[in-house]
Each structure stands twice: as C-alpha cells, then as structure tokens.
Number of protein chains: 2
Amino acid sequence: MEATIEKEVCVTHTKETCVTAVAAVRDTLYVLNGKWKLPLLLALANGPKRFKEIQRDLQEITPKVLSKELKELELNEFLERKVFATTPVTVTYELTPYSRSLDRVLKELREWGLQHRQRIIKSRKHKVE
Amino acid sequence: MEATIEKEVCVTHTKETCVTAVAAVRDTLYVLNGKWKLPLLLALANGPKRFKEIQRDLQEITPKVLSKELKELELNEFLERKVFATTPVTVTYELTPYSRSLDRVLKELREWGLQHRQRIIKSRKHKVE
DNA sequence: GATACTACTATCCTAAAGGATACCGGTATC
DNA sequence: GATACCGGTATCCTTTAGGATAGTAGTATC
C-alpha cells in the first residue's frame with residue numbers, strides 16, 4: 001500500500017479540517033442510515049412507484065415509517081413526489097438523477113463491506129482452530 | 001454523467017446480488033456507526049494512546065461507552081489492545097494497518113458529504129427567495 | 001347503503017444506544 | 001493512613017428509531 005498524505009478522514013490535521021471532515025462523513029452516513037433507506041432506493045431503482053406499491057414491495061414496512069422515510073429522501077433530493085389529479089389521486093415517488101451521485105459511495109461501501117465480511121469470517125475460523 | 005451498468009448498489013439486478021449488496025453496504029455503515037467511532041479513529045490516528053488519555057481527548061465520553069466502542073473496534077480489527085506489565089499496568093490502544101483500508105471509503109463519504117451539504121444549503125436558499 | 005381501496009396520520013409501545021453516577025481492585029504518593 | 005491515579009464495571013435513566021394498531025377523508029364498486 002502506498003503512503004498517503006491523509007490520515008483517515010482528515011486531509012490536513014488541523015482541528016478545523018478534522019471537525020469538518022468528520023461532520024461531512026457523518027452527513028453521508030446519516031442520509032443512508034436507518035433500516036429502510038437502502039431498500040427504498042432499490043425499490044425505486046426500476047422506475048416510479050406509488051405509495052401502496054412500495055409498501056407491498058417492502059412488505060414489512062408500516063405506513064407511518066414509509067411516509068417518514070420518503071419525506072427524508074425527498075428532503076435530500078433523492079426522490080420526487082408527484083401528485084396526479086386523477087380520481088382518486090395518484091401519488092408517485094421517483095428517483096432523481098441526483099440520487100445517482102450515491103453510486104460511487106455505495107460502490108465503495110459495498111466493496112469494503114464484502115471484503116470485511118470475508119476477513120472477519122476468516123479470522124474467526126483461525127481463532128477457533 | 002456516463003451511463004453505468006449498475007443501478008445503485010446492485011451490479012446485476014437479481015434478487016440475491018441485491019440482498020448481498022445491501023447487506024455489505026449495511027455492514028460497512030454498521031462498523032462506522034455510532035457517535036464515537038470516527039472521533040475514536042481520529043484520536044488514535046497519531047499513535048497509540050491509553051484509556052484515560054483517549055477519555056481526556058474525547059472529553060464527553062463516559063468510560064462505559066468508551067470501553068464498549070473500543071471493544072467493537074477491536075473486534076473489527078481496527079485496533080489492537082496491548083497490556084504492559086508495568087506497575088501499575090499500562091494499557092494502550094493502537095490502530096492496525098487494516099484500519100487504513102477505511103481510507104478510501106472515508107474519502108468518498110467525506111467528499112459526498114461536503115458536496116451534499118453545499119447542495120442542500122443552496123436549494124434551501126432558492127426556496128426562501 | 002356497505003364494503004373496499006388509496007394515501008396517509010395519530011397514538012401507544014418496545015428495544016437499543018448512550019449518558020449519569022457510583023463504584024471496584026490495584027498501586028503509588030504524600 | 002489518606003488521597004489520587006489507572007482501567008475499567010455496574011446500575012439506573014433518557015432519548016430515539018421503529019413497530020403495532022387504529023383511524024381518516026375521499027372515491028369507487030357492488
């Protein structure tokens with residue numbers, strides 16, 4: 001592994017950059033956090049869906065929680081809520097192009113997670129032997 | 001932005017790869033999650049420290065929580081606990097080389113977080129106007 | 001007129017994370 | 001002998017995420 005300039009999250013090691021960096025990392029963790037954020041993003045990956053449709057796809061989610069999670073995702077501009085004046089009204093939720101900016105982050109998270117799981121399984125095995 | 005093959009976390013869109021991918025992402029989020037994981041990694045970035053030293057650096061952390069967080073970081077192989085038979089005993093906590101594997105992940109998380117904060121601030125402003 | 005569907009909201013409850021406070025055994029210092 | 005430091009543990013409490021359950025307004029369907 002090459003030597004890098006940064007140590008963990010901080011590019012330079014002044015107090016302010018560290019505080020900012022930690023806050024930034026935490027922001028990202030925060031928008032992805034919770035039991036349903038990832039499943040929700042996935043559920044909408046193939047196109048817009050209605051409230052009940054999502055609820056059926058995710059099966060275990062209650063309407064209260066679904067409503068809350070959708071609002072958070074909307075605030076973060078990951079999805080758009082569209083109301084159609086049909087009778088009765090139709091409401092759809094659709095991922096925004098901006099939601100795709102998460103792809104790189106999610107890729108890193110996925111790869112590290114896969115690698116880590118393998119590593120931990122392996123070292124548990126060695127300790128048992 | 002170029003078209004990518006993957007949609008969000010899933011490389012291919014079969015049910016299994018998705019479930020695995022979500023689990024992997026969640027694993028990573030999990031090891032970084034909690035109020036003190038990042039500050040702790042940072043506190044140890046400049047070399048090993050003793051229990052009380054860390055507690056002083058992080059100021060607000062209680063010994064119970066610090067103890068628990070250190071154990072979790074140790075289980076994930078991010079740090080090593082070393083006991084020295086001095087009188088009285090000295091215990092140090094030291095980051096492992098493996099902990100540096102987080103650098104890439106943290107870099108992505110930090111950059112996305114910085115960018116996102118700017119974006120959200122900007123769109124709030126536009127809505128007020 | 002009764003039932004059912006949509007898109008939710010309201011109320012109550014539980015489990016888990018984390019904090020406050022106190023304490024412990026061992027050692028060193030005054 | 002009293003006090004203080006180290007590396008924690010034990011007990012209780014609060015806050016928060018999330019679940020269970022019920023209900024709502026509006027419309028359509030039988």
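Here is the naming used below: chain letters follow the sequence lines, and residue numbers restart at 1 for every chain.
- At whole-Å resolution of the value, CD1 in Ile54(B) and P in dG7(D) are 9 Å apart.
- Distance alone, capped at 3.5 Å, is enough to place a donor-acceptor pair between the Gln115(B) side chain and the Trp112(B) backbone.
- Annotation: cation-pi geometry satisfied between Arg119(A) and Tyr98(B) (NZ/CZ under 6.0 angstrom from ring centroid, within 45° of ring axis).
- Contacts between residues 75-87 of chain B and DNA chain D, defined by a heavy-atom separation under 4.0 Å, are made by Arg81(B).
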With 3.5 Å as the limit, what N/O pairs link the protein to nucleotides 4-6 of chain C?
residue : atom : partner  : partner atom : Å
dT6(C)  : O3'  : Arg50(A) : NH2          : 3.2

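- As rounded to whole Å, 10 Å separates atom P of dG8(D) from atom CD of Glu74(B).
- Applying the salt bridge (Lys or Arg N to Asp or Glu O under 4.0 Å) definition to pairs two or more places apart or across chains, those involving residues 81-90 of chain A are Lys82(A)-Glu94(A).
- Partners of Glu108(B) by side chain to side chain donor-acceptor pair (under 3.5 Å), not counting sequence neighbours, listed by chain and number: Arg104(A).
- Considering all non-hydrogen atoms of both residues, Leu66(B) and Leu40(B) come closest at CD1-CD2, 3.8 Å.
- The nearest pair of heavy atoms linking Pro63(B) to Gln55(B) is CD-NE2, 3.5 Å.
- Phosphate contact (OP1/OP2 of dT9(D), side-chain N/O of Ser67(B), threshold under 4.0 Å): present.
- Here the side chains of Leu32(B) and Leu102(B) are in contact, with some heavy-atom distance below 4.5 Å.
- A pairwise comparison of heavy atoms in Leu44(B) and Tyr93(B) identifies CD2-O, 3.5 Å as the closest pair.
- Inter-residue side-chain proximity for Val31(B) and Lys37(B) is flagged as unmet; no heavy-atom pair is nearer than 4.5 Å.
- Direction change of the helix axis from one end of the helix from dG1(C)-dC30(D) to dC30(C)-dG1(D) to the other is 20°, with five pairs defining each end axis (rounded to 10°).
- A heavy-atom distance below 4.5 Å is found between the side chains of Arg124(A) and Leu75(B).
- Heavy-atom minimum distance, Gly113(B) versus Asp27(A): O-OD2, 4.4 Å.
- Of the possible donor and acceptor atoms, none in the side chain of Ser99(B) sits under 3.5 Å from a partner among the backbone N and O of Leu95(B).
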Item to complete: Could you please spell out the steps behind the ring-ring contact (aromatic ring centres under 6.0 Å, His included) verdict for Tyr30(B) and His116(A)?
Response: CA-CA 12 Å; Tyr30(B) 189 75; His116(A) 186 60; over 10 Å; no
Fill in: Reading 5' to 3' through nucleotides 11-25 of chain D, protein heavy-atom contacts under 4.0 Å coded B for base, S for sugar-phosphate only, - for none
BB-----BBB-----
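- For the pair Lys71(A) NZ and dA7(C) P, the computed distance is 14 Å after rounding to whole Å.
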